[in-house]
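Please read the structure below before turning to the comments.
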Amino acid sequence: MITPSTQYDSMLRRGEERSLHLIEGRLRVAVATPLGLDGRGGIDRLNDSIFETIEQQQPHLNVEASRLVTRGQRGLIVAQFVFAIALLKFAWLVLFRRIDVLHIHLSNWGSSYRKTVMGAAARLLRVPYVVHLHGSGFDEFLAVAPTRLARAVDLLFLKSVQIVVLGEYWAHAVLMRVPQVHDKITVLPNATKLSSKPQLQAPDSRIRITCLGQLGERKGTPQLIAALQMLSQRQDWTATIAGDGSVEESRLAVAKHGLVGRVLIPGWLSSEQADDLLCKTDILALPSYAENLPMVILEAFAHGVPVISTPVGAIPEVIAPERNGFLVPAGDVSALSSAIERLIEDPELRLRLGSTAREDQAQRYEINSYVEKLTAVWRKASFVRKSM
């Protein structure tokens with residue numbers, strides 16, 4: 001059976017005139033994103049980079065992208081109104097023929113409810129959509145989600161035109177539930193901008209350890225603090241654990257472990273502040289129990305910072321032990337402490353891993369190349385609409 005998608009691929013291989021027109025024509029994409037511009041979290045940080053890149057390369061990509069904010073940043077009650085406005089804006093774009101493709105960023109729980117409704121609206125209005133899977137432990141979430149919601153998510157995948165996942169792990173997770181979508185899946189890891197800022201040396205020569213993300217159990221914050229306590233006799237390091245979430249609980253844990261003055265917990269940092277912190281970082285530690293593919297790992301790579309993390313989600317597809325970082329078992333405080341100590345004690349290893357991490361980011365996880373690949377996915381989806 002020849003589908004619009006396979007027909008598109010065939011046309012590209014043959015270089016037909018119409019396929020070239022499709023590639024060069026203006027493409028209008030609406031992106032369903034949770035929080036919007038400068039929103040906290042990896043999805044919106046990625047979207048901010050995507051939109052900035054599209055604007056900078058507009059003549060080349062010829063893409064007109066708009067945001068559909070589906071949750072907002074003002075609490076759950078206001079979120080219902082924000083989502084309603086997003087649906088109305090989507091209908092307006094369809095009514096006035098201002099959209100070719102809908103791009104749906106999908107995560108767990110509340111996101112899945114909203115995005116399955118968005119997908120149903122797209123099917124009703126005959127707009128092809130791309131599902132972009134995020135969310136830590138999404139496979140585990142679907143296993144315990146209400147049956148009706150899980151079926152709606154499966155349908156969202158099944159009726160999509162293209163599916164973007166952040167690693168082979170997540171491609172397998174989707175196929176285990178909906179094997180019919182095999183030909184729709186594109187593995188496209190997250191990406192970030194190259195860093196043009198220099199890495200700044202510590203004035204006191206102490207090694208600076210950083211963790212960025214939502215503080216709490218899932219990110220392994222208690223385990224990281226315990227691992228640092230095991231190194232408290234050393235005077236050659238400091239640490240910063242930044243992010244929202246369990247901030248006060250983490251500060252209490254730092255005090256309990258006698259690390260006040262050694263471990264700083266500043267709370268949430270803006271993107272600019274986080275970037276400045278990475279310029280002053282020697283080791284990034286992210287001992288999470290569940291992840292998809294954290295943006296902060298790639299941001300650390302862009303700064304030439306080696307990463308210590310855990311083999312969850314798509315992280316093992318990015319971090320190669322002894323090459324650009326280390327992987328330790330989730331929850332293993334001793335292994336985490338030993339990995340940190342090894343990088344503290346071996347500056348040559350630290351620099352070698354960081355240098356390779358920077359090369360990997362430039363070659364595999366750089367935002368300009370990423371946006372070109374994402375645009376190709378959108379183009380493929382838009383051709384399906386032309387074939388409806």
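- Both the sub-6.0 Å distance and the 45° axial angle are not jointly satisfied by Arg98 relative to the ring of Trp92.
- Judged as a salt bridge (Lys or Arg N to Asp or Glu O under 4.0 Å), and not counting sequence neighbours, the contacts of Arg251 are Glu248.
- Scored by the salt bridge (Lys or Arg N to Asp or Glu O under 4.0 Å) test, Asp346 finds no partners at all (sequence neighbours excluded).
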Solution key, residues 137-146 side-chain donor-acceptor pairs under 3.5 Å, sequence neighbours excluded:
{"residue": "Asp139", "atom": "OD2", "partner": "Tyr169", "partner atom": "OH", "Å": "2.6"}

Name the atoms and distances for all side-chain donor-acceptor pairs under 3.5 Å in residues 71-82, with sequence neighbours left out.
{"residue": "Gln73", "atom": "NE2", "partner": "Leu35", "partner atom": "O", "Å": "3.1"}
{"residue": "Gln80", "atom": "NE2", "partner": "Leu76", "partner atom": "O", "Å": "3.0"}

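- Atom CD of Glu348 sits in a sparse spot, with 12 or fewer heavy atoms from other residues, nucleotides or ligands closer than 6.0 Å.
- Annotation: salt bridge (Lys or Arg N to Asp or Glu O under 4.0 Å) contacts of Lys256 (sequence neighbours excluded): none.
- Applying the side chain to side chain contact (heavy atoms under 4.5 Å, CB included) test to Asp38 and every residue at least two apart in sequence or in another chain returns Asp48.
- Partners of Glu168 under the salt bridge (Lys or Arg N to Asp or Glu O under 4.0 Å) rule, at least two apart in sequence or in another chain, do not exist in this structure.
- Applying the salt bridge (charged side-chain N to carboxylate O under 4.0 Å, His left out) definition to pairs two or more places apart or across chains, those involving residues 316-329 are Glu322-Arg342, Arg323-Asp360.
- The side-chain tip of Arg67 points at the ring of Phe51 from less than 6.0 angstrom away and within 45° of straight on.
- Shown here is Lys280, whose NZ atom has no more than 12 heavy atoms of other residues, nucleotides or ligands within 6.0 Å.
- If you chain together ILVMFWY residues whose side-chain heavy atoms come under 4.5 Å of each other, Leu327 ends up grouped with Leu166, Leu212, Leu269, Leu277, Leu278, Leu284, Leu286, Leu293, Val296, Ile297, Leu298, Phe301, Val305, Val307, Val312, Ile315, Val318, Ile319, Tyr365.
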Distance-only check: which donor-acceptor pairs under 3.5 Å involve side-chain atoms of residues 101-109, not counting sequence neighbours?
{"residue": "His103", "atom": "ND1", "partner": "Trp378", "partner atom": "NE1", "Å": "2.9"}
{"residue": "His103", "atom": "NE2", "partner": "His132", "partner atom": "ND1", "Å": "2.9"}
{"residue": "His105", "atom": "ND1", "partner": "His134", "partner atom": "NE2", "Å": "2.8"}
{"residue": "His105", "atom": "NE2", "partner": "Asn47", "partner atom": "OD1", "Å": "2.9"}
{"residue": "His105", "atom": "NE2", "partner": "Asn47", "partner atom": "ND2", "Å": "3.4"}
{"residue": "Asn108", "atom": "ND2", "partner": "Ser136", "partner atom": "O", "Å": "2.8"}

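- Every side chain to side chain contact (heavy atoms under 4.5 Å, CB included) that Ala227 has, sequence neighbours left out, goes to Val333, Leu336, Ser337.
- Sequence neighbours left out, the pairs with a member in residues 222-231 that pass side chain to side chain donor-acceptor pair (under 3.5 Å) are Gln223-Tyr289.
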